[in-house]
Enquirer: 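There's a structure below that I have some questions on.
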Amino acid sequence: MPELPEVETIVRSLRNPKEWSAGGSRTLREQPGVIGRQISGATLLWTHTLATPKPDEFIKQITGQVIQNVSRRGKFILITLDEWVLLFHLRMSGDLRVEDQGQPIQKHDRLIIDFTDHLRLVLNDARKFGRAWLVKDEKEVLAGLGPEPLDPTLTGVDLFKSWHRSSRAIKALLLDQGLLAGVGNIYSDEALFQAKVHPLTPGKSLTEENCDQLLYAVRTVLEEGIRKNGASIDWVYRGGDFQNHFKVYQRTGQACKICGSPIERLVIGQRSSHFCPVCQKAKKN
DNA sequence: CACGAGACCTGTTCGC
DNA sequence: TGCGAACAGGTCTCGT
């Protein structure tokens, strides 16, 4: 599921006001925030969900901790505790919700973190790819991540430098979290369309101007995604609206919104890639 | 070292 | 209607 805008939306919802009630002011995802709450215990329902440490250590270390902050790095969610950092990666189908402890456990719930009040934080993840880490220093998990696309100090020249020696398709380079953190399959397709770059274009044939335009396009689509609370496709992620504004993603065979040509689909780096064959001209090397 | 295929999982949709 | 194949927001690991 989640790429940067969906993760950002979840992070913002976890920072909602601590006190929240149905019918109150409209908040993201209509659930209370978690900052300031104290953890009373945890239940691991699928062992593999916890990357580190071992379950008994995890429960011992997390119990009694108070949540100080919630933030995002790439597609990771960081929950800063008094002495530890709890990180989540939702991968394809993960989601986090905050609810009353009286609610029934749902199918695919994998990890439950109870608070000392009546609430709990639940990781639900149908495909079991999602992971949680409890570490002293987030660098243990985040080392190797590329820059944040929305960091204003990042420039097109920086991207040019990290791409221009590669023969890999730009589509695959955009998905490489070690080069740029947070872009996934939806937003890479949408950004390539906006920048009018063919997804198969090798990194080494992109000019600095191309990279400037691509960075601008990536930022534009990510920001629009955030404004629309992310994209909700199928049954996985709730509450987003960006799926109603896709220009190419999952529009195979439909008319390009610019030129009317049918959108095409290719598999690049084992991911489907949607593009307009006319607006995004294949670039010769 | 760089790159691509396979693995990890379950659920939904599509084609015959 | 049934059944298998294809596909799904991601990232590791392994082989070439």
Side-chain angles (χ1 to χ4, degrees), chain A residues 1-11 29 45-52 72-77 87-96 106-111 123-133 140-146 149 162-192 199-204 218 221-222 224-226 228-246 248-253 264-274:
Chain A
M1 159 197 56
E3 307 181 30
L4 188 154
E6 291 75 31
V7 175
E8 178 67 23
T9 301
I10 291 170
V11 163
R29 304 195 119 206
L45 301 171
W46 176 252
T47 310
H48 211 36
T49 294
L50 186 59
T52 191
R72 179 191 61 73
R73 174 78 172 93
K75 300 173 192 169
F76 287 85
I77 295 165
L87 295 102
F88 291 102
H89 196 304
L90 303 174
R91 297 279 175 93
M92 293 285 266
S93 59
D95 195 10
L96 284 174
Q106 291 183 22
K107 197 176 181 183
H108 309 314
D109 283 350
R110 307 299 181 197
L111 176 62
L123 172 66
N124 183 278
D125 180 21
R127 290 177 72 179
K128 299 180 174 174
F129 291 165
R131 292 291 178 273
W133 297 257
E140 295 172 46
V141 179
L142 304 178
L145 272 190
S162 66
W163 292 342
H164 81 112
R165 294 193 170 281
S166 177
S167 58
R168 295 166 74 194
I170 182 58
K171 165 76 181 187
L173 293 172
L174 280 171
L175 294 179
D176 189 330
Q177 302 298 297
L179 303 178
L180 188 65
V183 178
N185 211 32
I186 293 173
Y187 295 90
S188 58
D189 278 5
E190 295 296 322
L192 286 165
L200 282 175
T201 310
K204 61 185 170 195
V218 164
V221 297
L222 291 178
E224 190 189 356
I226 292 170
K228 305 241 185 306
N229 290 335
S232 301
I233 306 172
D234 304 334
W235 41 280
V236 181
Y237 171 90
R238 33 197 189 106
D241 186 51
F242 189 59
Q243 69 279 5
N244 298 315
H245 303 270
F246 293 160
V248 287
Y249 186 76
Q250 286 193 342
R251 294 195 64 246
T252 308
E264 293 185 6
R265 175 181 176 276
L266 273 179
V267 175
I268 304 172
Q270 296 168 287
R271 311 302 301 283
S272 63
S273 188
H274 312 77

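In what follows, chains carry the letters A, B, and so on, assigned in the order in which the sequence lines appear, proteins first and then strands, with residues in each chain numbered from 1.
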Enquirer: Does dA8(C) have OP1 or OP2 sitting under 4.0 Å from an N or O in the side chain of S272(A)?
Expert: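 Yes, because at least one side-chain N or O of S272(A) sits under 4.0 Å from OP1 or OP2 of dA8(C).
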Enquirer: Are P5(A) and E3(A) side-chain neighbours, meaning at least one heavy-atom pair lies under 4.5 Å?
Expert: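 The answer is yes; the side chains approach within 4.5 Å.
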Enquirer: Using the 3.5 Å cut-off, write out each protein N or O paired with an N or O of nucleotides 1-3 of chain B and the distance between them.
Expert:
residue : atom : partner : partner atom : Å
dC3(B)  : OP1  : S166(A) : OG           : 3.0
dC3(B)  : OP1  : S167(A) : N            : 3.3
dC3(B)  : OP1  : S167(A) : OG           : 3.4

Enquirer: Is there a side-chain contact between D241(A) and N229(A) in this structure, where contact means two heavy atoms from C-beta onward sitting under 4.5 Å apart?
Expert: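 No, side chains not in contact.
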Enquirer: Please name the pair of heavy atoms, one in L173(A) and one in S166(A), separated by the smallest distance, quoted to 0.1 Å.
Expert: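 Closest approach of L173(A) to S166(A): CD2-OG, 3.7 Å.
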Enquirer: Report the distance from atom CD of Q250(A) to atom P of dA6(C), rounded to the nearest whole Å.
Expert: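 So the CD-P distance, Q250(A) to dA6(C), works out to 18 Å.
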Enquirer: When you compare the side chain of D189(A) with that of K171(A), does any pair of heavy atoms fall below 4.5 Å?
Expert: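 Contact flag for K171(A)/D189(A) side chains = yes.
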Enquirer: Mind calculating the distance between CG (L175(A)) and P (dT11(C)) to the nearest angstrom?
Expert: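 So the two atoms are 8 Å apart, to the nearest Å.
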Enquirer: Check the distance between dG10(C)'s P and K75(A)'s NZ and give it to me in whole angstrom.
Expert: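 From K75(A) NZ to dG10(C) P: 4 Å.
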Enquirer: Could you state the CG-C1' distance from L145(A) to dC12(C), rounded to the nearest angstrom?
Expert: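 After rounding, the reported distance stands at 14 Å.
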Enquirer: Work out how far the P atom of dC9(B) is from that of dG4(C), and round it to whole angstrom.
Expert: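 Nearest-Å result for dC9(B) against dG4(C) at atom P: 22 Å.
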Enquirer: Side-chain contact test, heavy atoms from C-beta onward, threshold under 4.5 Å: evaluate it for V248(A) versus L192(A) and give yes or no.
Expert: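 The answer is no; the side chains never approach within 4.5 Å.
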Enquirer: Any heavy-atom pair between the side chains of F88(A) and I10(A) that's under 4.5 Å?
Expert: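 No, side chains not in contact.
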Enquirer: Quick one, H89(A) and F129(A) - any side-chain contact, counting heavy atoms below 4.5 Å?
Expert: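 The answer is no; the side chains never approach within 4.5 Å.
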Enquirer: Determine whether P2(A) and K75(A) make a side-chain contact, defined as any pair of heavy atoms from C-beta on separated by less than 4.5 Å.
Expert: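 No, side chains not in contact.
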Enquirer: Quick check: on DNA chain C, is the nucleotide nearest Q177(A) upstream (toward 5') of the one nearest V267(A), or the reverse? Name the residue that is more 5'.
Expert: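 On the 5' side of the pair lies V267(A).
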Enquirer: Parallel, tilted or perpendicular: which describes the rings of H245(A) and F242(A), with under 30° parallel and over 60° perpendicular?
Expert: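 Ring orientation, 0 to 90° scale: parallel.
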Enquirer: What is the separation between atom CZ on F76(A) and atom P on dG10(C), rounded to the nearest whole Å?
Expert: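 Spelled out: CZ on F76(A) to P on dG10(C) is 13 Å.
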Enquirer: Working to the nearest 0.5 angstrom, can you tell me the gap between L200(A) CG and I170(A) CD1?
Expert: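 Reported to 0.5 Å precision, the distance equals 11.5 Å.
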Enquirer: Can you list the stems that DNA chain C is part of, where a stem is at least 3 pairs in a row, each Watson-Crick or G-U, with both distances below 3.5 Å?
Expert: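 Stem list for DNA chain C: B:2-8 with C:10-16, B:10-16 with C:2-8.
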Enquirer: Just the rounded figure in Å: distance from C1' of dA8(C) to CG of N185(A).
Expert: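 Atom-to-atom, N185(A) to dA8(C), this comes out as 9 Å.
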Enquirer: Is the NZ or CZ atom of R29(A) both under 6.0 Å from the centre of the six-membered ring of Y237(A) and within 45° of that ring's axis?
Expert: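 Yes.
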Enquirer: Whole Å only: how far is the CG atom of L174(A) from the P atom of dG10(C)?
Expert: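 After rounding, the gap between these two atoms is 12 Å.
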Enquirer: Each nucleotide in nucleotides 7-13 of chain B should get exactly one letter: B, S or -. Can you fill that in based on protein heavy atoms under 4.0 Å?
Expert: -BBBSS-
Enquirer: Just so I know, are the side chains of R168(A) and D176(A) near enough to count as touching, which here means a heavy-atom distance under 4.5 Å?
Expert: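 Contact flag for R168(A)/D176(A) side chains = yes.
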Enquirer: Could you check whether Y249(A) gets within reach of a base, just the sugar-phosphate, or nothing at all, counting any heavy atom under 4.0 Å?
Expert: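 Result for Y249(A) = sugar-phosphate.
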Enquirer: Nearest whole Å is fine: how far is dG10(C) C1' from I77(A) CD1?
Expert: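 Nearest whole value for this atom pair: 14 Å.
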